[in-house]
Amino acid sequence: ASGLDDSGQPLLVLASLDDGAIATVALKRAASITSAVPDATASASPPVCVNYFGAAADWATLPYERVDGTGWAVVPECAPAAVAPHGRFWCATYSAGAGAGAFAACRGSCAGGACEP
């Protein structure tokens, strides 16, 4: 990828190991994440573990809290066995109020708001 969208704005790409392969999602603009955070100027909350289920997920059946209309949900433990029954395993940490840095991809599982090796 070039790192820029069609209008020359930077892309934000998150990656995670998924069964040995790299999975990526490119957001059209970094502002997409900032807009998902109610007040990007507020002090950041402690990070929590989140998993990406996608915007098209059946949110009525997922047992997790959706993060501000995004495809992400707060999960108590982000590990393959915990999230696989509900969708794809793709963990990150999330800090409300952290602006464009609100999400940080993990290379594996997440527990207690921290990525695990």
Side-chain angles (χ1 to χ4, degrees):
S2 69
L4 300 176
D5 70 11
D6 296 336
S7 66
Q9 295 294 317
L11 292 171
L12 177 62
V13 179
L14 302 175
S16 177
L17 291 176
D18 182 15
D19 295 332
I22 297 291
T24 59
V25 165
L27 301 176
K28 278 291 191 181
R29 298 173 191 254
S32 298
I33 286 182
T34 303
S35 67
V37 179
D39 183 359
T41 61
S43 62
S45 64
V48 294
C49 296
V50 293
N51 190 71
Y52 187 78
F53 293 101
D58 184 358
W59 290 96
T61 62
L62 286 175
Y64 306 116
E65 177 187 351
R66 191 173 187 179
V67 177
D68 299 323
T70 68
W72 296 91
V74 176
V75 293
E77 176 190 15
C78 194
V83 299
H86 308 289
R88 185 177 182 174
F89 168 67
W90 186 357
C91 294
T93 60
Y94 170 73
S95 297
F103 295 93
C106 294
R107 291 185 160 252
S109 298
C110 179
C115 295
E116 297 179 337

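Owing to the predicted nature of the structure, the values given are computational and were not obtained by experimental measurement. Excluded from the calculations below are hydrogen atoms, water molecules and symmetry mates; all remaining heavy atoms, backbone and side chain alike, are included.
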Colleague: Heavy atoms only: give me the nearest Cys115-Ala104 pair and the separation to one decimal.
Modeller: SG-O, 4.3 Å
Colleague: Can you list the residues that meet the side chain to side chain contact (heavy atoms under 4.5 Å, CB included) rule with Cys49, with sequence neighbours excluded?
Modeller: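 Cys49 satisfies side chain to side chain contact (heavy atoms under 4.5 Å, CB included) with Val75, Cys78, Cys110 once adjacent residues are dropped.
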Colleague: Is the centre of the Tyr94 ring less than 6.0 Å from the centre of the Trp72 ring?
Modeller: no
Colleague: Residues in ring pair (Phe, Tyr, Trp, His ring centres under 6.0 Å) with Phe53, at least two apart?
Modeller: Tyr64
Colleague: Please answer whether the main-chain N or O of Ala73 pairs with a side-chain N or O of Asn51 as donor and acceptor at a distance below 3.5 Å.
Modeller: no
Colleague: Please name all residues satisfying side chain to side chain contact (heavy atoms under 4.5 Å, CB included) with Pro80, sequence neighbours left out, ordered by chain then number.
Modeller: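 Per chain and number, Pro80 pairs via side chain to side chain contact (heavy atoms under 4.5 Å, CB included) with Phe89, Ser109.
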Colleague: Taking distance alone, no hydrogens or angles, what donor-acceptor pairs closer than 3.5 Å link side-chain atoms of residues 54-63 to residues at least two apart or in another chain?
Modeller:
residue, atom, partner, partner atom, Å
Asp58, OD1, Ala60, N, 3.4
Trp59, NE1, Gly54, O, 3.4
Thr61, OG1, Asp58, O, 2.9

Colleague: My understanding is that only residues two or more places apart in sequence, or in another chain, count here; which of them pass side chain to side chain contact (heavy atoms under 4.5 Å, CB included) with Glu65?
Modeller: none
